[in-house]
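Worksheet: one structure, shown below.
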There are 2 protein chains.
Amino acid sequence: MRVSTRFSDSIHILAFIDIYDQKKLSSEIIASSIETSPVVVRRLMGVLRENNLIATKKGTAEPRLSKSPKDITLLDVYLAVEGDKQLFTLDTSTNPDCIVGGNIQKVLGAYYEDAKMAALRKFNNISLQDVIETILVEQKAKEHRINN
Amino acid sequence: MRVSTRFSDSIHILAFIDIYDQKKLSSEIIASSIETSPVVVRRLMGVLRENNLIATKKGTAEPRLSKSPKDITLLDVYLAVEGDKQLFTLDTSTNPDCIVGGNIQKVLGAYYEDAKMAALRKFNNISLQDVIETILVEQKAKEHRINN
DNA sequence: TTTCGTGTAACTTTTTAAGTAACAAGAATA
DNA sequence: TATTCTTGTTACTTAAAAAGTTACACGAAA
């Protein structure tokens with residue numbers, strides 16, 4: 001299938017809202033930064049709103065973060081838009097009458113869960129604030145290279 | 001998209017080959033354990049062969065592991081069939097003229113790589129032997145429950 | 001009251017992998 | 001040696017999930 005960019009795009013939206021705080025923040029403007037359609041942005045923002053990461057007002061282009069960027073981790077965003085699904089996919093239809101087919105799901109499932117948790121723990125240690133600050137540092141470095 | 005079960009199915013194939021070592025091991029028999037088609041099995045076995053994990057002989061139903069199960073890690077299998085692709089997907093088309101769009105790929109890319117490595121390190125610490133032994137233990141436990 | 005924008009539904013397109021059909025050619029065997 | 005089984009491979013179809021598109025009711029603000 002097409003691979004989901006919801007996680008990346010959601011972090012983008014949140015960083016954008018924080019960085020361009022005082023400006024008009026229509027879904028169209030945000031979409032032009034992500035290079036996608038306004039509807040995709042509004043759909044993602046709907047999910048972020050349901051998960052208490054942003055607050056929006058219908059008809060008004062003024063989305064705001066519900067919490068400080070320090071208090072939003074990448075894991076919060078990931079769980080909001082991707083949910084707690086498998087990261088590595090088990091084949092869930094294997095022959096239960098075979099020694100391998102009848103036991104491999106449980107065995108692999110445990111290893112997959114372990115690997116997934118190792119990755120998600122990393123995301124739980126990165127805040128939106130970290131992302132925003134790093135973006136701003138990269139931007140200054142970029143501008144420095146251009147001027148020298 | 002449809003989610004790939006190549007990783008799970010490949011481990012299944014390797015465990016099956018090792019456990020049913022002396023028996024006839026046609027792609028049809030293996031496929032019936034995975035509950036898929038023989039062609040899917042042969043395709044995966046082709047990839048496993050290219051990556052030196054198994055040896056096969058055209059026309060003969062006798063695939064064999066190329067190495068001891070102790071010396072095959074889940075990471076070896078993962079890289080063989082999924083490659084070293086992104087685990088978390090960056091949106092690679094963002095507006096380069098925006099502070100966020102112009103820097104987020106690099107910033108998120110680094111965090112994603114970090115999380116991916118945390119997961120893959122786990123897989124590098126699990127051998128096919130671990131998987132096989134755990135399957136056999138689960139099977140004995142299952143039989144014990146049935147007989148008591 | 002006009003204009004802009006959100007929220008949402010319905011539908012289409014895109015992408016990727018699995019499933020299916022077909023077949024040449026190697027291996028084993030009666 | 002003829003038959004049967006099987007692999008390796010190609011080409012095509014189906015399935016599933018997400019992004020893209022169109023449309024529109026309704027809220028907000030000038």
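Values reported hereafter were calculated over all heavy atoms of this structure, with side chains retained and with hydrogens, waters and symmetry mates removed. In the text below, chain A, chain B and the rest are named by the order of the sequence lines, each starting its count at 1.
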*For residues Val131(A) and Val107(B), report the shortest heavy-atom separation together with the two atoms involved.*
O-CG1, 4.1 Å
*Sole candidate of Asn52(A), Leu53(A), Ile126(A) that passes side chain to side chain contact (heavy atoms under 4.5 Å, CB included) when paired with Ile72(A)*: Leu53(A)
_By nearest atom, which of the nucleotides dA27(C), dA21(C), dG8(D) is closest to the Arg42(B) side chain?_
dG8(D)
*asked:* Rounded to whole Å, how long is the line connecting atom CD of Glu62(A) with atom P of dC4(C)?
replied: 17 Å
_Both Thr60(B) and Glu82(B) contact DNA chain C. Taking the nearest nucleotide for each, which residue is further toward the 5' end?_
Glu82(B)
*Between dG19(C), dT20(C), dT7(D), which one does the side chain of Thr36(B) approach most closely?*
dG19(C)
*Is there a side-chain polar atom (N or O) of Lys57(B) under 4.0 Å from OP1 or OP2 of dT6(D)?*
no
*Which nucleotide, dT22(D), dA22(C), dA18(C), lies nearest any side-chain atom of Val40(B)?*
dA18(C)
_If the cut-off is 4.0 Å, is Ser4(B) near the phosphate of dT16(C), judged by side-chain N/O to OP1 or OP2?_
no
_Under 4.0 angstrom between Arg43(A) side-chain N/O and dT6(C) OP1 or OP2_ = no
*Tell me: CD1 of Ile30(A) to C1' of dT6(C), nearest whole Å?*
12 Å
*asked:* Ignoring hydrogens and geometry beyond distance, is a side-chain donor-acceptor pair present between Gln105(B) and Thr94(B) at under 3.5 Å?
replied: yes
*Among dA18(C), dT6(D), dA19(D), which nucleotide sits nearest the side chain of Ala61(B)?*
dT6(D)
*Nearest-Å distance for atom pair CZ/C1', residues Arg49(A) and dT8(C)*: 10 Å
_Without decimals, in angstroms, what is the distance between Leu48(A) CG and dT8(C) C1'?_
16 Å
*Would you indicate, yes or no, if dG5(C) has its OP1 or OP2 atom less than 4.0 angstrom from a side-chain nitrogen or oxygen of Lys24(A)?*
yes
*Ser37(B) side chain near dT20(C) phosphate (N/O to OP1/OP2, under 4.0 Å)*: no
*So, Asp9(B) and Arg43(B), do they make that salt bridge, N to O below 4.0 Å?*
no
*Rounded to the nearest Å, what distance is computed from the CE atom of residue Met45(A) to the C1' atom of nucleotide dT6(C)?*
9 Å
*dG8(D) C1' sits how many Å from Glu28(B) CD, rounded?*
16 Å
*Between Tyr112(B) and Phe7(A), what is the ring plane arrangement, given parallel below 30°, perpendicular above 60°, and tilted in between?*
parallel
*asked:* Whether Ser26(B) contacts dC5(D) is assessed here as follows: a side-chain N or O lying under 4.0 Å from the phosphate OP1 or OP2. Is that the case?
replied: no
*Determine the minimum heavy-atom distance between Ile17(A) and Met45(A), stating which atoms define it.*
CD1-CE, 4.5 Å
*asked:* Taking only side-chain N and O atoms of Ser27(A), does any of them lie within less than 4.0 angstrom of OP1 or OP2 on dT6(C)?
replied: yes
*Atom CD of Glu35(A) to atom C1' of dG20(D): distance rounded to whole Å?*
14 Å
*Of Gly46(A) and Thr5(B), whose nearest nucleotide on DNA chain C comes first from the 5' end?*
Gly46(A)
*Sugar-phosphate only, base, or nothing, as touched by Leu25(B) at under 4.0 Å among non-hydrogen atoms*: sugar-phosphate
*Mind calculating the distance between NZ (Lys58(B)) and P (dG26(C)) to the nearest angstrom?*
6 Å
